[in-house]
Amino acid sequence: MAEYAVELRNVWKRFPGPGGEVVTAVRDVSLKIADGEFFALLGPSGCGKTTSLRMIAGFELPTEGEVFLHGRPMGRTPPFQRPVNTVFQSYALFPHMTIGENVAFGLQMKKVDRQEVQRRVGEALEMVRLSGYERRKPKQLSGGQQQRIALARALVNRPEVLLLDEPLGALDLKLRKEMQLELKKLQREVGITFIFVTHDQEEALTMSDRIAVMEGGVALQVGDANDIYEHPNCRFVADFIGETNFLDGVVGALEPGKARVDAAGGVSLWAHTPQPVTPGQKVTVTIRPEKMHIRPTATDVNLLSGRVTDVVYIGTDTHYGVTLAGGQTIRVREQNYSAESRLLAREGEPVSVRFAIEAARVLTE
Amino acid sequence: MSSTKRSPWLTLTALLVYFFLYAPIIVLIVFSFNASRTNVVFEGVVNQGPCGPFYWYCQLFRNRDVMEATRNTLVIALTSTFFSTIIGTMAALALQRFDFFGKNAAETSLYFPIVTPEIVMGIGILVLFSAAFGWINAALALAPNQRLTMGLGTVIISHIAFSIPFVTLVVRARLHGFDNRLEEAAMDLGANELTTFRKVTLPLIAPGVLAGAMLAFTLSLDDFIITFFTTGPGATTLPIYVYGLLRRVVTPEVNALSTIWILVVLVVVGISQWFQTRE
């Protein structure tokens, strides 16, 4: 049997709400996270990602379902008996202890002998490039340094799984970008499974091997960055990851793997159907702006006529807003290969928007 | 220093306030060296016996009643501080950490005794003890020498009771803004509940706990009203003893006693302040 570092099997978490009602934070989530994987739980605040992480750590217990660590059911095992460590969003460094004492804490709890503790603390600080900071107090360190100490304090214990709860959330943009790459590099070096909670889709795409997109307590889609971006399985995922267009319509004709979707105002297009659909079914078509092109005089299967309502030039790209016959506005992004690219169309001009059938995806939910 | 000129009236007012606050204490201390037996006129510094100017202080230490009252006061203060600090801290932690049915009621009713007039509390406690003791003594048909009576025990219990809200209040102030993630981090790193409390929670709230303990200690030291209602034979405390003396004649002995007392409280408050301001 293939063993996963972490498995969530049909996990539910319900909390009593402030008004006595029941709040369901996590709904029937099942996840399998492989050994050595960098896995992201991505979603807006309140989607259940942090609660899921806290159930793996043992700070919360599932109302239903089971959490497994390397095949062992965790049941009601308290956090201090689980082979996982957490990096908190607020870092949670002990303010009354020095950096050395902070990093040594976990090893001392495990009764590792003193010389070994000293050696491993030294190694851990070296790993996060903060050697020589042993005697300082957390307060004397910058946010980025504290973040790295929190990482060292967790990794020094060589956990089976490292849990990170928005660890870069409190850092400024530049530092965050640096730390993203550093974390990724660190994870490859130590080979430990990282489970990472974030609401920042770019961060998730940059760092993770696989991503679970969560919303309303449900894990909507699990896959690698490319999969989630190119093959979203529902409207929420398509919308949450990157920018996209939605066209609501009804399935007209069907062909293997594709369908004609008729939208309002006589707008009609062919789109790829990952899930089976039936004629007459109400669906949404998603098309990424960069997969569409403004072609004043093109002919193609998918050719939507409209009028340019706005043009935004941002250097690398030019963004066009095009209003279709049915009143729908779509965004089209043209890359500026040459200096003349920005002159494709002006505001108010009639244009045609062309795209491949594969670029349009029929979503049923 | 700021270069702007402040109105001299402001300084004068401040000085007057301090004068009214401290004049009685200064007079009290000065009169503890009085040559006269009465507290009415200062007739120069006493110089009697081997102790010289500290004559009244020496008299004090030779007075068996005073020594017994001192012993009682300290036993009561230390015991009640010990228990009220533990209970008060636990209450503060529970109120901070858990949401439970009736939490608001529990919190409000905890602080209620602080604003209740002490005399009401005193009478209430007296009635409670007499009723309870009467019932128990009758129910168990205890012989006269075995009967439960008012004494050191009842004073200690009532001091614990009125100190708890103060300890809770001070500890809660310290707990305000306490990051629960710190405890989670400790557990995450392998510390069980007890170790987490010992190594993380307690060190972080220790200044609050110690300040609370000091407050409980000083409250117990100078409590008169509640002690008056709950004390019994052999459980006379210093405030009760001094009150008894006042009804006869106020000798400088009382001043000497008060002076020592003030010094003790001053030291305790100083330590408490030091703990509270320390990070």
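Just so it is clear: chains get the letters A, B, ... in the order the sequence lines come, proteins before strands, and each one is counted from 1. As the structure is a computational prediction, the values presented were derived from the model and not from experiment. Quick note: numbers below take in every heavy atom, side chains included, and nothing from hydrogens, waters or symmetry partners.
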So which part of [X] gets closer than 4.5 Å to some heavy atom of chain B, the side chain, the backbone, both or neither?
{"X": "L93(A)", "value": "backbone"}
{"X": "T86(A)", "value": "both"}
{"X": "N157(A)", "value": "side chain"}
{"X": "R82(A)", "value": "neither"}
{"X": "F94(A)", "value": "both"}

Measuring from [X]:[atom1] to [Y]:[atom2], what's the distance to the nearest 0.5 Å?
{"X": "Y91(A)", "Y": "L182(B)", "atom1": "OH", "atom2": "CG", "result": "14.0 Å"}
{"X": "F105(A)", "Y": "D188(B)", "atom1": "CZ", "atom2": "CG", "result": "10.5 Å"}
{"X": "F80(A)", "Y": "E184(B)", "atom1": "CZ", "atom2": "CD", "result": "13.0 Å"}

Tell me whether [X] at atom [atom1] has more than 12 heavy atoms from other residues, nucleotides or ligands lying less than 6.0 Å away.
{"X": "K184(A)", "atom1": "NZ", "result": "yes"}
{"X": "F82(B)", "atom1": "CZ", "result": "no"}
{"X": "F129(B)", "atom1": "CZ", "result": "yes"}
{"X": "F100(B)", "atom1": "CZ", "result": "yes"}
{"X": "Q118(A)", "atom1": "CD", "result": "no"}
{"X": "E116(A)", "atom1": "CD", "result": "yes"}

Minimal non-hydrogen separation, M97(A) against V200(B), with atom names: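 Scanning both residues completely, I find the closest heavy atoms to be CE-CG2, 4.4 Å.
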Among N192(B), D179(B), T196(B), residue most engaged with chain A (heavy-atom pairs, under 4.5 Å):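 Winner by heavy-atom pair count: N192(B).
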Chain A contact via L204(B) - which portion, at a heavy-atom distance below 4.5 Å: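 Only the side chain of L204(B) comes within 4.5 Å of chain A.
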Which atoms of E193(B) approach chain A - backbone, side chain, both or neither, heavy atom under 4.5 Å: both
M109(A) and K199(B): CA distance, side-chain angles, deciding distance, side chain to side chain contact (heavy atoms under 4.5 Å, CB included) verdict: CA-CA 11 Å; M109(A) 290 301 117; K199(B) 294 234 166 194; 4.1 Å; yes
Top contributor to chain B contacts, counting heavy-atom pairs under 4.5 Å, from P78(A), A57(A), P95(A):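 Among the listed options, the one with the most contacts to chain B is P95(A).
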